[in-house]
There are 2 protein chains.
Amino acid sequence: MTSDEVFEAISHPMRIAILKELAKKPIRFADLKRKLRIKSGGLLDFHLKKMEAVIITDKDGLYTLNNRGFAALRAVHIVTNYGWQRRSWWLNVLMMFMLNIYFFFTAFEFYIFVAIPTFGWLLFYSYWTFVKRRVSLRSNGADQENVEVS
Amino acid sequence: MTSDEVFEAISHPMRIAILKELAKKPIRFADLKRKLRIKSGGLLDFHLKKMEAVIITDKDGLYTLNNRGFAALRAVHIVTNYGWQRRSWWLNVLMMFMLNIYFFFTAFEFYIFVAIPTFGWLLFYSYWTFVKRRVSLRSNGADQENVEVS
DNA sequence: GGAGGAAGTCAATGAGTGTTGACTTATTGG
DNA sequence: CCAATAAGTCAACACTCATTGACTTCCTCC
């Protein structure tokens, strides 16, 4: 069992759709077939077989994600929301900044109790975002989706 | 640009190796070829073309990961370490427990200042682990690698 | 100016993938 | 008992993938 087997299991749109459907709740073959509007039973069977690394059938015969399946789901989430981290960092900086401004002008005697935690949090969060998760603040040209090329 | 293009880019062992190599630093074609011990230039070219969604060539012509590439790297990390969350949760519980024990018996007057933060942290961390990340504490049979089948 | 490395491109080929539709086998309701 | 639904299996097919090795084009060093 290596990680590329898991990625193999999610490197097709239909298989990602199956993954998301199974994440909601365990489901039967025919229900899955109806839900995803797949005409051919053979086709669904083919894709389910490709996903063996991330799926188990429970005691009632329902298709269910295993731990690896939920890990794969998180992987899908990370990749589809890869722009999120940057935005969330800016939002955080803005919030911390406003909090500091507010306490500075309205309750200066408590300001130290706001400044230190917010500064500490921002330091830790920035380390986590930029060093551990290797997010870059400036887009490197790969972020724009559906860019019109003339 | 959809997420399955990214997973396509990392659903082969050689492409994951390339991804990890590029994560270290930008690199030239021939250096990458040497480093991964690939004999055929055509083969490396084939895989690099498959990875177009996650790679850019910088101003010096060096192959470099784009943001999507780093997101893919995190996805690889999550999938290869999918058992990590559970272990880390238990470790955390153990640490918090020992901290509580220690303060309870040696510095009971400060105990409240330890109990409340640790309890709060454990509550938050458990929510994050089990609800947000859908980690299950008990293995569902998909965790054992290389299980011998008789 | 020729050798040799860098950075590929390209055609060929066998293996694997995605899809269809026909077929099976078991279960259930009227 | 019959028809319908569930849950697949299987053969066939066109298409894509992974890999090889030969070839090109540019650059640099001796």
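Chain identifiers are assigned alphabetically (A, B, ...) following the order of the sequence lines, protein sequences preceding nucleic acid strands; residue numbering begins at 1 within each chain. Atom set for the values below is all heavy atoms of this structure, side chains included, hydrogens, waters and symmetry mates excluded.
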> Can you list the steps and then say if K50(B) with M14(B) is a side-chain contact (heavy atoms from CB on, under 4.5 Å)?
Replying inline: CA-CA 11 Å; K50(B) 287 250 145 188; M14(B) 189 180 287; over 6 Å; no
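- One interatomic measurement links the two molecules: CZ of F7(A) to P of dC17(D), which rounds to 18 Å at whole-angstrom precision.
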Give every donor-acceptor pair under 3.5 Å between a side-chain atom in residues 89-97 of chain B and any protein atom, sequence neighbours left out.
{"residue": "W89(B)", "atom": "NE1", "partner": "S126(B)", "partner atom": "OG", "Å": "3.0"}
{"residue": "N92(B)", "atom": "OD1", "partner": "W121(B)", "partner atom": "NE1", "Å": "3.0"}

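- Between K33(A) and dG8(D), a side-chain N or O to OP1/OP2 separation shorter than 4.0 Å is absent.
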> Given the rule in the side-chain contact (heavy atoms from CB on, under 4.5 Å) test, do I38(A) and H47(A) qualify, once you have shown the distances and angles that lead to the verdict?
Replying inline: CA-CA 11 Å; I38(A) 302 168; H47(A) 285 296; over 6 Å; no
>> Base contacts versus sugar-phosphate-only contacts with protein, heavy atoms under 4.0 Å: please encode nucleotides 18-28 of chain C as B, S and - from 5' to 3'.
In response: BBBB-------
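- Distance K35(A) NZ to dA7(D) P: 15 Å, rounded to the nearest Å.
- When I16(B), L22(B), I10(B), L19(B) are each tested for a side chain to side chain contact (heavy atoms under 4.5 Å, CB included) with L73(B), only one passes: L19(B).
- dT20(D) atom P lies 14 Å from atom CG of D45(B), rounded to whole Å.
- Recorded end-axis angle for the helix from dG1(C)-dC30(D) to dG30(C)-dC1(D) stands at 10°, based on five pairs per end and rounded to 10 degrees.
- Panel note: side chain N81(A), backbone H77(A); a donor-acceptor pair is recorded below 3.5 Å.
- Closest heavy-atom contact between D58(A) and P26(A): OD2-CB, 4.2 Å.
- Counting only heavy atoms from C-beta outward, the side chains of I27(B) and L62(B) never approach each other to under 4.5 Å.
- Results of the ring pair (Phe, Tyr, Trp, His ring centres under 6.0 Å) test with Y111(B) over F103(B), F119(B), Y102(B), F104(B) single out F104(B) as the only residue that passes.
- The pair E52(A)-K49(A) fails the salt-bridge criterion, with no side-chain N (NZ, NE, NH1 or NH2) lying under 4.0 Å from an Asp/Glu carboxylate O.
- Taking Ile, Leu, Val, Met, Phe, Trp and Tyr as members and joining any whose side-chain heavy atoms lie under 4.5 Å apart, directly or through other members, the hydrophobic cluster of V131(B) also contains Y127(B).
- In this structure, V54(A) and R15(A) have side chains that are not in contact, with every pair of non-hydrogen atoms separated by 4.5 Å or more.
- Atom CG of L48(B) is separated from atom P of dA18(D) by 13 Å (rounded to the nearest Å).
- N66(A) places a side-chain N or O within donor-acceptor distance of the main-chain N or O of A53(A), the cut-off being under 3.5 Å.
- Smallest separation of non-hydrogen atoms from F7(B) and A75(B): CE2-CB, 4.5 Å.
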>> I need a per-nucleotide contact map over nucleotides 25-30 of chain D, read 5' to 3'. Cutoff is protein heavy atoms under 4.0 Å; write B for the base, S for backbone only, - otherwise.
In response: ------
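- As a whole-Å value, the separation of L62(A) CG from dA6(D) P is 14 Å.
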Could you list all N or O pairs between the protein and nucleotides 2-7 of chain C that sit under 3.5 Å apart?
{"residue": "dA6(C)", "atom": "OP1", "partner": "R34(B)", "partner atom": "NH1", "Å": "3.4"}
{"residue": "dA7(C)", "atom": "OP2", "partner": "A30(B)", "partner atom": "N", "Å": "2.9"}

